[in-house]
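Note that the structure is a prediction, hence the values are computed from the model and not measured.
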Amino acid sequence: MNSKILEHYRELIRTNLEYLKSATIKSSIEEYKTNLIEETAKLELESHKTHNQNFINSFYSESIATLKEGGDEMNSCIHTAIKNLNTIDLKQITESIKEQIESSLTSFELKEEYKSFNGLLFEYNSNLSFSGIAFKEPKFEINLEKPKYLEFQDGSYASDHPIDFELEEALGSILSEEFDEIAWAFDFELDIFLKIQETVYSIAALALHTVLDSEDIKNTLKQKGFENNGVVYLYEHDNEEKPVFVNE
């Protein structure tokens, strides 16, 4: 399973970087409009088609107006983000994550009522801080292509001590505050923004996987109660969970 996980994230990074070579905010607006028109054509009810068409017209005109007003500055920011994305030092990020996880593990302990845990959920947000929460559940699902919400039982938190790391220094120049403002000016709907964000978190997932697969971290987690076949996930708040590592 771990080989499939690695290939999944590597392929995401490869295809996204290929897309970003030629993508612009304008081309992404046009792609979004085209996709919505195609989806609207599939609808059966005329009222639904009319509703969608009104949305398309409104979103398109507002997006073009927004781009016309601040396009040079916006394009410069996105160009810089893509440039920085292509020069990320994966080794350096991996070393940073490992150092921070080693530090967190020194204070990690299970609650008295738990002897082990089989899930580790790293929740993250827009400021590139990751907080790993240990869980004990009857079963964790592994689905890379169609991730979904995981439903946890009440009281299944196995520890009061999160395993934390942050990547603001390493990746903050890409998912910057300015990037976020520009993306939300277009309701964060355009592929150019989504693929930059997805690539950043895929790189973080690769680095985290490498750390978790290192012998010293695996041994420490085992000593802390991490079960064989336990699963580690990345989870964006209010989004679906994606597997990053299986303790095979």
Side-chain angles (χ1 to χ4, degrees), residues 9 12-13 15-40 48 51-88 93 121-131 146-149 164-208 233-242 244:
Y9 287 109
L12 270 181
I13 294 168
T15 55
N16 285 354
L17 290 179
E18 186 64 30
Y19 170 88
L20 292 168
K21 283 181 180 180
S22 58
T24 64
I25 297 175
K26 179 63 163 58
S27 69
S28 201
I29 292 172
E30 298 294 343
E31 287 173 8
Y32 185 71
K33 178 183 178 182
T34 299
N35 290 337
L36 284 180
I37 290 173
E38 291 175 353
E39 290 301 314
T40 299
H48 291 172
H51 177 272
N52 272 29
Q53 191 59 56
N54 289 337
F55 171 79
I56 292 168
N57 293 339
S58 175
F59 182 88
Y60 184 77
S61 60
E62 290 176 7
S63 295
I64 294 299
T66 298
L67 189 60
K68 184 176 181 179
E69 181 179 346
D72 290 343
E73 188 174 323
M74 290 177 172
N75 284 322
S76 176
C77 174
I78 299 307
H79 175 76
T80 299
I82 294 172
K83 181 180 177 181
N84 290 340
L85 194 58
N86 280 278
T87 58
I88 283 177
I93 291 172
L121 186 71
F122 280 95
E123 182 176 7
Y124 61 89
N125 51 40
S126 58
N127 65 4
L128 292 164
S129 294
F130 299 75
S131 187
K146 295 181 179 180
K148 61 182 182 179
Y149 291 105
D164 297 333
F165 66 90
E166 63 85 21
L167 295 173
E168 179 65 32
E169 183 176 347
L171 300 174
S173 64
I174 301 168
L175 299 186
S176 63
E177 187 175 324
E178 185 179 6
F179 170 86
D180 201 52
E181 290 176 356
I182 293 170
W184 280 111
F186 302 90
D187 295 335
F188 225 125
E189 292 284 354
L190 304 183
D191 268 356
I192 190 168
F193 308 129
L194 294 170
K195 288 185 183 296
I196 289 172
Q197 184 186 62
E198 183 180 55
T199 305
V200 166
Y201 289 119
S202 293
I203 289 170
L206 275 184
L208 177 59
Y233 297 88
L234 273 185
Y235 162 64
E236 184 179 12
H237 185 64
D238 288 337
N239 221 320
E240 294 84 5
E241 295 84 357
K242 290 187 71 173
V244 172

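Interatomic distance, Leu85 CG to Ile78 CD1, rounded to the nearest 0.5 Å: 11.0 Å. For the atom pair Glu18 CD and Leu20 CG, the distance stands at 9.5 Å (nearest 0.5 Å). Interatomic distance, Leu190 CG to Tyr32 OH, rounded to the nearest 0.5 Å: 7.5 Å. Rounding to the nearest 0.5 angstrom, the gap separating the CZ atom in Phe179 from the CD atom in Gln197 is 6.5 Å. How far CG of Leu208 is from OH of Tyr9: 9.0 Å, rounded to the nearest 0.5 Å. Going from atom CZ of Phe188 over to atom CD1 of Ile182 covers 10.5 Å, rounded to the nearest 0.5 Å.
Within the 4.5 Å cutoff, the side chain of Tyr233 has no heavy atoms near those of the Glu123 side chain. Taking the side chain as every heavy atom from C-beta outward, Leu167 and Val200 never approach each other to under 4.5 Å. Looking at heavy atoms from C-beta onward, Leu206 lies out of side-chain contact with Val244 at the 4.5 angstrom threshold. Ile25 is listed as a side-chain neighbour of Phe186, based on a closest heavy-atom distance under 4.5 Å. Residues Glu166 and Leu128 have side chains not in contact (no heavy-atom distance under 4.5 Å, counting atoms from C-beta outward).
A search for ring-ring contact (aromatic ring centres under 6.0 Å, His included) contacts involving Phe130 returns Tyr124, Phe165, not counting sequence neighbours.
There is a side-chain donor-acceptor pair under 3.5 Å between Glu198 and Asn16. Using a 3.5 Å distance cut-off with no hydrogens or angles, the side chains of Ser28 and Asp191 do not pair a donor with an acceptor.
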Kindly determine whether Glu241 and Phe122 satisfy side chain to side chain contact (heavy atoms under 4.5 Å, CB included), including the steps that lead there.
CA-CA 9 Å; Glu241 295 84 357; Phe122 280 95; over 6 Å; no
Asn52 vs Ile37, side chain to side chain contact (heavy atoms under 4.5 Å, CB included): CA-CA, chis, key distance, verdict
CA-CA 8 Å; Asn52 272 29; Ile37 290 173; over 6 Å; no
Run the side chain to side chain contact (heavy atoms under 4.5 Å, CB included) check on Ile196 and Leu175 step by step: do they pass?
CA-CA 8 Å; Ile196 289 172; Leu175 299 186; 4.2 Å; yes
Let me see the working for Thr199 and Leu12 under side chain to side chain contact (heavy atoms under 4.5 Å, CB included), right down to the final yes or no.
CA-CA 7 Å; Thr199 305; Leu12 270 181; over 6 Å; no
Side-chain donor-acceptor distances from residues 55-75 under 3.5 Å, at least two apart:
unit_1	atom_1	unit_2	atom_2	d
Asn57	OD1	Gln53	NE2	3.1
Asn57	ND2	Gln53	O	3.3
Ser58	OG	Glu62	OE2	3.2
Tyr60	OH	Glu30	OE2	2.6
Ser61	OG	Asn57	O	3.0
Ser61	OG	Ser58	O	3.0
Ser63	OG	Phe59	O	2.8
Thr66	OG1	Glu62	O	2.9
Asn75	ND2	Gly71	O	3.0

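Closest approach of Ile192 to Tyr19, counting heavy atoms only: N-OH, 3.9 Å.
Put simply, the side chain of Ser27 gets close to the backbone of Thr24: a donor and an acceptor are under 3.5 Å apart. For Asn86 (side chain) and Ile82 (main-chain N/O), a donor-acceptor pair under 3.5 Å exists by modelled atom type.
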